[in-house]
Amino acid sequence: NGLPAIAEIGLKEFLLGIEWRPGQNLFGIFPMIIGSIYVTAGAVIVGVPTGILCAVFLAFYCPKGLYALIKPAVGLLAGIPSIVYGFFGLVVIVPAIQNLTQTSGKGILTASILLGVMILPTIIEVTESSLRAVPTVYYEGSLALGATKERSIFKSVIVAAKSGVMSAVILGIGRAIGETMAVIMVAGNQAAIPKSALSGVRTLTANIVLEMAYAAELHREALIA
């Protein structure tokens, strides 16, 4: 269903076209590609450092009593439906960005913050498991050689667990780039190339969801493509 649409529109016009106007038979998805990349990159910038540092805290610094509260809470975050995250973004993050920037509040920055929060449980859970899987002799040996606790963690343990940490990051990116409902609610849904971090964007997945219900013929095939 997708290939005939690409053949009719033209591969270059489809991938690099900057106009998405189904009523005029203009089907360029480049703005949505850029929007997806920007939002995902923003989510990585927000979520990855925070998630890794949270995992380090849970594995090496967190008291047992506090750990018993935080660990289940992180697990519960993973089970919250994306529509609930979207509503949270709409009533909390969007007004905050509006007050700070005097804009609509819906755009790349808002979507990135929200997606950064959404990918936290995945990154924290996988990274913590990877850190705990590293033999304790790596950490103790580093301390014995005179390194500080922080240096031992970041220069020895995390380096040894880098494959697991990278897996956590990749899983987080996978969730961020595929997220739809939450992004629709806070990203602004403008099928245009964004000019700043505050500009509204439309991601590829959001475009499919918004238009598939009423699309027909070439329009529908373009969405499938």
Side-chain angles (χ1 to χ4, degrees), residues 1-48 78-87 89-90 104 106-119 121-123 126 163 166-225:
N1 282 319
L3 289 174
I6 294 174
E8 186 172 337
I9 298 163
L11 183 62
K12 183 178 178 182
E13 287 73 18
F14 183 66
L15 291 177
L16 301 178
I18 60 172
E19 296 282 346
W20 179 271
R21 294 179 183 175
Q24 300 175 24
N25 276 353
L26 295 172
F27 298 101
I29 64 169
F30 190 67
M32 276 80 82
I33 294 173
I34 295 296
S36 297
I37 291 171
Y38 281 5
V39 168
T40 304
V44 169
I45 291 169
V46 172
V48 169
I80 297 173
S82 59
I83 193 77
V84 176
Y85 276 111
F87 185 70
L90 206 57
S104 68
K106 295 182 178 181
I108 295 172
L109 180 61
T110 310
S112 296
I113 293 170
L114 185 61
L115 283 179
V117 173
M118 290 180 71
I119 67 176
T122 304
I123 294 174
V126 178
S163 61
M166 283 305 300
S167 298
V169 173
I170 291 166
L171 287 169
I173 292 172
R175 176 162 193 196
I177 204 165
E179 184 51 54
T180 305
M181 291 309 301
V183 173
I184 286 174
M185 297 174 75
V186 300
N189 297 320
Q190 298 173 22
I193 295 176
K195 295 179 180 178
S196 74
L198 301 174
S199 299
V201 289
R202 182 183 292 182
T203 61
L204 290 164
T205 51
N207 195 53
I208 295 167
V209 169
L210 288 168
E211 299 186 5
M212 187 61 85
Y214 63 85
E217 299 173 352
L218 183 60
H219 183 195
R220 182 175 181 275
E221 291 176 353
L223 289 174
I224 293 169

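Everything quoted here is computed from the prediction, not taken from an experiment. Reckoned from all heavy atoms, side chains included, excluding hydrogens, waters and symmetry mates.
- Atom-to-atom distance recorded for L26:CG and I9:CD1 is 9.5 Å, nearest 0.5 angstrom.
- Of all heavy-atom pairs spanning E221 and P4, the tightest one is OE1-CB, 4.4 Å.
- Atom CD1 of I123 sits about 9.0 Å away from atom CG of L171, to the nearest 0.5 Å.
- Note that CG of L223 is 10.5 Å distant from CD1 of I29, once rounded to the nearest 0.5 Å.
- The number of heavy atoms from other shown groups lying within 6.0 Å of CD1 (I18) does not exceed 12.
- Within the 4.5 Å cutoff, side-chain heavy atoms of K106 are placed close to those of L90.
- The environment of Y38 atom OH is sparse: at most 12 non-hydrogen atoms of other residues, nucleotides or ligands sit within 6.0 angstrom.
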*Using the side-chain contact (heavy atoms from CB on, under 4.5 Å) rule, take M212 and I224 through it: C-alpha gap first, then chi angles, then the decisive distance, then the call.*
CA-CA 9 Å; M212 187 61 85; I224 293 169; 4.0 Å; yes
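- Of all the heavy atoms in Y214 and H219, the pair that sits closest is CE1-CE1, 3.8 Å.
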*Go through the steps for L114 and T110 under the test side-chain contact (heavy atoms from CB on, under 4.5 Å), then give the verdict.*
CA-CA 6 Å; L114 185 61; T110 310; 5.7 Å; no
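- S199 OG to L109 CG: the interatomic distance, rounded to the nearest 0.5 Å, is 11.0 Å.
- The nearest pair of heavy atoms linking A43 to I119 is O-CD1, 3.6 Å.
- To the nearest 0.5 Å, atom CD1 of residue I108 and atom OG of residue S196 are 7.0 Å apart.
- Side chains of I45 and S112 form no contact here, defined as non-hydrogen atoms less than 4.5 Å apart.
- Between the side chain of S36 and the main chain of L204, a donor-acceptor pair closer than 3.5 Å is present.
- When every heavy atom of V186 is checked against every heavy atom of G86, the shortest pair comes out as CG1-O, 4.0 Å.
- At distances below 3.5 Å, at least one donor-acceptor pair connects side-chain atoms of T205 with backbone N or O atoms of E179.
- The environment of E8 atom CD is sparse: at most 12 non-hydrogen atoms of other residues, nucleotides or ligands sit within 6.0 angstrom.
- Here the closest heavy-atom approach between residue M118 and residue A182 is recorded as SD-CB, 3.8 Å.
- How far CE of M185 is from OG of S82: 9.5 Å, rounded to the nearest 0.5 Å.
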*Does the pair I173 and T40 meet the rule for a side-chain contact (heavy atoms from CB on, under 4.5 Å), with working shown?*
CA-CA 7 Å; I173 292 172; T40 304; 3.9 Å; yes
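- Here the closest heavy-atom approach between residue R202 and residue A206 is recorded as CG-CB, 4.3 Å.
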